[in-house]
Amino acid sequence: MKTVAIVGSQWGDEGKGKVIDYLATQADVVVRGQGGNNAGHTLVVNDKKYALHLIPSGVLNPNTINVIGNGIVFDPKGFLDEIEKLEKESIDVSNIKISDRAHIIFPYHKELDALAEEARGDNKIGTTKKGIGPCYMDKTERSGIRICDLMDEEVFHKKLKSQIEAKNNIVKNIYGKTNLFDFETIYNEYIEYAEKIRKYVDDTSVIVYNSIKEGKKVLFEGAQGTLLDLDLGTYPFVTSSHPISGGFAIGSGVGPNMIKDVVGIVKAYTTRVGEGPFVTELNDEIGEKIRVQGREFGTTTGRARRCGWFDSVIVRYASRVNGLTSISLMLLDVLTGFETIKICTAYKIGDKIIKDFPASLEILSKCEPVYEELNGWNEDISGIDKFEDLPENAKAYIEKIEEIVGVSVDMISVGPDRSQTIVRKNIF
Ligand code: GDP
Ligand code: IMO
Ligand code: MG
């Protein structure tokens with residue numbers, strides 16, 4: 001089996017899009033299985049930048065089938081906007097498949113996302129306001145509307161009518177709003193989308209399963225990251241899906257034994273957008289330097305990302321809960337020009353040493369990082385294509401990460417472009 005899951009190992013934005021795009025040149029199928037257009041995956045090829053949110057990152061490769069799996073929450077408007085942008089760039093979008101089981105995001109999901117955030121006040125999560133949480137809430141509450149429903153006018157009419165009534169009830173009676181959702185407007189808007197997306201809709205579990213059985217190369221593209229996982233992340237400051245490797249079996253509709261390797265995408269430092277504790281966060285000029293050198297501003301919301309040193313408690317945790325078989329270390333070039341670089345090896349509260357990432361945010365917010373300090377490097381590494389040619393201190397940094405995390409770093413990224421990639425061991 002030639003199947004590889006690509007998962008975010010920190011709080012998202014680790015560079016998953018770049019790795020998928022790089023590997024997709026050899027892959028037959030790329031599958032997204034969770035999340036929605038809260039994701040922002042950036043691909044850079046020959047200085048040209050593409051920002052993808054819902055469309056899988058294999059789309060630049062004309063021979064790759066790009067699957068939006070059943071576990072996705074699908075925003076038709078967001079999807080069609082992305083298609084339009086890609087078509088303007090003469091990218092072939094005919095190889096995209098959308099699961100007929102995926103749930104659909106409606107305007108009321110976005111509104112409820114914003115209203116819930118406002119109501120949380122100081123406890124806000126810092127969501128992307130794309131309606132992700134409310135759409136997954138409808139799914140688990142068993143009142144969601146799926147793509148297969150949208151494909152049938154009669155069924156869609158009935159389900160939407162009932163949902164608009166239910167959501168107007170909430171908006172009016174819980175949030176005290178008078179500006180309600182109009183059934184006809186939303187119905188007509190979505191019926192138009194239905195005709196535009198019909199040609200992409202398929203039973204994608206069959207496509208993925210058959211591809212694997214035929215020995216094709218299949219990549220599972222994670223969105224978000226381990227610490228944003230609904231079960232294993234920094235709850236409640238998480239997203240509403242399962243970005244860990246286990247999420248792929250459910251989200252793409254194949255058995256877990258069909259996923260052979262799991263590659264953890266790891267930033268050479270740590271970032272997060274949104275709220276919640278962050279042990280190695282740097283609220284000083286070093287954090288600012290990382291933010292500027294790494295251009296750490298969100299692809300989806302434009303928000304400045306919070307930055308900090310590499311946290312091996314997090315990456316060891318990611319290795320355990322995802323079953324990592326390999327690491328791709330990203331944005332190593334961003335650490336050029338620091339006199340010393342710190343790696344957090346454990347947490348401590350008073351004299352107590354903590355090595356396993358804690359569940360309780362009250363405990364996490366009391367944790368202090370235990371650092372090991374390594375020498376930095378000043379050489380520009382963005383044009384290097386062999387591990388041996390990296391500065392000695394950069395090699396030592398990578399080897400230290402391998403030693404502490406216990407997983408080999410098989411790919412190293414030294415710049416945003418597809419070509420700025422060092423391969424130590426082939427993934428496929
Ligand atoms: P994703 O959500 O995991 O796909 O990551 P994002 O695309 O949101 O964020 C990663 C950012 O880092 C993007 O702007 C990429 O173009 C950029 N990037 C990826 N790899 C590298 C790298 O090795 N060096 C630098 N400088 N930028 C990189
Ligand atoms: P990619 O795939 C980083 C964060 C939001 C917020 C929390 C919940 O680009 O790595 P949501 O809108 O999902 O309900 O927000 O999750 N978040 C991300 N952070 N990268 C992402 O995706 C994210 N998608 C959601 O900032 O803290
Ligand atoms: Mg991103």
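As the structure lists them, so they are numbered: ligands from 1, and atoms in each ligand from 1. Below, all heavy atoms of this structure are taken into account, side chains as well, without hydrogens, waters or symmetry copies.
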Validation row: Tyr190, Pro107 side chains within 4.5 angstrom (heavy atoms): yes

Sidechain-backbone polar pair: Glu221 side chain, Lys16 backbone, donor-acceptor under 3.5 Å: no

Side-chain H-bond candidate by donor/acceptor type, Ser408 with Lys425, under 3.5 Å: no

Side-chain donor or acceptor of Glu117 paired with backbone N/O of Ile125 under 3.5 Å: yes

Geometric cation-pi criterion, Lys77 with Tyr193: 6.0 Å, 45°: no

Ser240 to ligand 2, any heavy atom closer than 4.0 Å: no

Protein contact of atom 1 (P) of ligand 2 - nearest heavy atom, named by residue and atom, plus distance: Gln224 N, 3.5 Å

Gly12 to ligand 1, any heavy atom closer than 4.0 Å: no

Nearest-neighbour protein heavy atom for atom 15 (O) of ligand 2, which is reported as residue plus atom name and distance: Thr127 CA, 3.3 Å

For ligand 2, the portion of Trp11 having any non-hydrogen atom under 4.0 Å away: backbone

For Val334, atoms of ligand 1 separated by under 4.0 Å from a heavy atom: 26 (N)

Cation over ring face, Lys217 and Phe428, 6.0 Å, 45°: yes

The Mg ion (ligand 3) to nearest N/O/S of Gly40 below 2.8 Å: yes

Structural part of Arg272 in contact with ligand 2, heavy atom criterion under 4.0 angstrom: neither

Any donor-acceptor N or O pair under 3.5 Å, side chains Thr204, Asp202: no

Ser9-Asn322 side chain donor-acceptor pair, cut-off 3.5 Å: no

Nearest-contact summary for atom 27 (N) of ligand 1 - protein heavy atom, Å: Leu331 CD2, 3.4 Å

Ring-face cation contact, Tyr22 with Arg418, 6.0 Å cut, 45° max: no

Mode of Lys16 contact toward ligand 2 - side chain, backbone, both, neither (heavy atoms, under 4.0 Å): side chain

Centroid separation Trp11 to Phe278 less than 6.0 Å: yes

Note: Asp13-Arg272 ion pair, threshold 4.0 Å (strictly below): no

Atoms of ligand 1 close to Gly40 [distance to a heavy atom under 4.0 angstrom, numbered from 1]: 1 (P), 2 (O), 4 (O), 6 (P), 7 (O), 8 (O)

Protein heavy-atom partner closest to atom 13 (O) of ligand 2 - residue, atom, separation in Å: Thr239 OG1, 2.6 Å

Any side-chain donor near an acceptor of the partner, Asp138 and His103, under 3.5 Å: no

Side chain, backbone, both or neither: Lys18 near ligand 1, heavy atoms under 4.0 Å: side chain

Which residue and heavy atom of the protein sit nearest atom 20 (N) of ligand 2, plus the separation: Asp13 OD1, 3.2 Å

No-hydrogen, no-angle side-chain donor-acceptor test under 3.5 Å, Tyr397 and Asn375: no

Nearest-neighbour protein heavy atom for atom 19 (N) of ligand 2, which is reported as residue plus atom name and distance: Val273 CG2, 3.3 Å

Protein heavy-atom partner closest to atom 26 (O) of ligand 2 - residue, atom, separation in Å: Arg303 NH2, 2.9 Å

Contact partition for Val414 relative to ligand 1, non-hydrogen atoms under 4.0 Å: backbone

Mode of Lys130 contact toward ligand 2 - side chain, backbone, both, neither (heavy atoms, under 4.0 Å): neither

Closest to atom 8 (C) of ligand 2 (judged by heavy-atom distance), picking from Val238, Thr128, Leu230: Val238

Aromatic contact, Tyr200 with Phe79 (centres under 6.0 Å): yes

Close approach, Gln224 and ligand 1, non-hydrogen under 4.0 angstrom: no

Per-residue contact class, Asp13 against ligand 1 - non-hydrogen pairs under 4.0 Å: both

Atoms of ligand 1 close to Gly17 [distance to a heavy atom under 4.0 angstrom, numbered from 1]: 4 (O)

Protein residue, atom and distance nearest to atom 23 (O) of ligand 1, heavy-atom basis: Ser413 OG, 2.5 Å

Top protein contact for atom 18 (C) of ligand 2, by heavy-atom distance: Leu228 CD1, 3.5 Å

Side chain, backbone, both or neither: Gln10 near ligand 1, heavy atoms under 4.0 Å: neither

Closest protein heavy atom to atom 26 (N) of ligand 1, given as residue, atom name and distance to 0.1 Å: Asp333 OD2, 2.8 Å

Atom name in Asp13, limited to N/O/S, at shortest distance from the Mg ion (ligand 3): OD1

Side-chain (Thr140) to main-chain (Tyr136) donor-acceptor, under 3.5 angstrom: yes

Nearest neighbour in protein (non-hydrogen) for atom 6 (C) of ligand 2: Gly126 O, 3.1 Å

Heavy-atom gap Arg295 to ligand 1 smaller than 4.0 Å: no

